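Shown next, in structure tokens, is the structure this report addresses.
Values in this document were obtained by computation on a predicted structure and should not be read as measured data. Side chains are part of it too, since the values below use all heavy atoms of this structure and drop only hydrogens, waters and symmetry mates.
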Amino acid sequence: MECRMGCAACCIAVSISSPVPGMPGGKPAGQPCVQLLPDQQCALFGLPERPKVCGSLRPSREMCGETAADAFAYLEKLERLTAPG
């Protein structure tokens, strides 16, 4: 499965605990990554600077659903399940 063009759910909904260029403290869930370009593509895609968590997210029917809203809902639920505390 390929990423849905214009979705960017994984670049917004997911928290990143490791440093991201331009976000040295990582990225909280729900905040767009500073590396998200206006066309909703990642400026770090394919580069070694890209956080490992980003590379580990692979598009799938389960994660992406039928719409970007489905993907946001799935990833937000995953964030709640994996959040510390």
Side-chain angles (χ1 to χ4, degrees):
M1 182 172 184
E2 301 263 337
C3 283
R4 182 181 297 112
M5 295 302 293
C7 175
C10 55
C11 299
I12 299 169
V14 176
S15 62
I16 301 173
S17 58
S18 61
V20 177
M23 299 179 101
K27 182 193 89 61
Q31 178 180 335
C33 180
V34 298
Q35 298 299 328
L36 185 60
L37 299 171
D39 66 357
Q40 302 297 74
Q41 300 292 310
C42 176
L44 300 177
F45 191 84
L47 299 177
E49 297 86 1
R50 186 175 181 217
K52 288 183 184 201
V53 69
C54 301
S56 71
L57 289 171
R58 301 281 185 213
S60 67
R61 183 162 302 284
E62 179 184 14
M63 181 174 78
C64 301
E66 296 296 322
T67 66
D70 291 343
F72 272 93
Y74 179 90
L75 291 168
E76 288 165 350
K77 181 178 178 181
L78 186 65
E79 273 294 322
R80 286 191 302 276
L81 292 172
T82 60

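- Here the closest non-hydrogen pair linking Ala68 and Arg4 is N-NH1, 3.4 Å.
- A donor-acceptor distance shorter than 3.5 angstrom exists from the side chain of Glu79 to the backbone of Ser15, with no hydrogens or angles considered.
- In this structure, Leu75 CG and Cys64 SG are separated by 7.5 Å, a value rounded to the nearest 0.5 Å.
- Summarising the geometry of Gln35 relative to Leu44, their closest heavy-atom pair is CG-CD1, 3.5 Å, with the distance given to 0.1 Å.
- Under a hydrophobic clustering in which Ile, Leu, Val, Met, Phe, Trp and Tyr are joined whenever their side-chain heavy atoms come within less than 4.5 Å, directly or via other members, Tyr74 and Val14 fall into the same cluster.
- Counting non-hydrogen atoms of neighbouring residues, nucleotides and ligands closer than 6.0 angstrom, the CE atom of Met1 exceeds 12 such neighbours.
- Using a 4.5 Å cut-off on side-chain heavy atoms (C-beta onward), Gln40 and Cys7 make no contact.
- Between Phe72 and Ala13, the shortest heavy-atom distance links the atoms CD2-CB, 4.0 Å.
- Placement of Ile16 and Leu47 within a single hydrophobic cluster is found when ILVMFWY residues are connected by side-chain heavy-atom separations under 4.5 Å, directly or transitively.
- Of the possible polar contacts, one joining the Lys27 side chain to the Ile12 backbone as a donor-acceptor pair under 3.5 Å is found.
- Between Val34 and Pro21 the shortest heavy-atom distance is CG2-O, 3.4 Å.
- Side-chain N or O atoms of Lys52 include none that pairs as donor or acceptor with a backbone N or O of Ser18 at under 3.5 Å.
- Within 6.0 Å of the CD atom in Glu62, the count of heavy atoms belonging to other residues, nucleotides or ligands does not exceed 12.
- Side-chain contact between Leu36 and Cys42 is absent, with no heavy-atom pair separated by less than 4.5 Å.
- We find the CE-CG distance between Met63 and Leu57 to be 5.0 Å, quoted to the nearest 0.5 Å.
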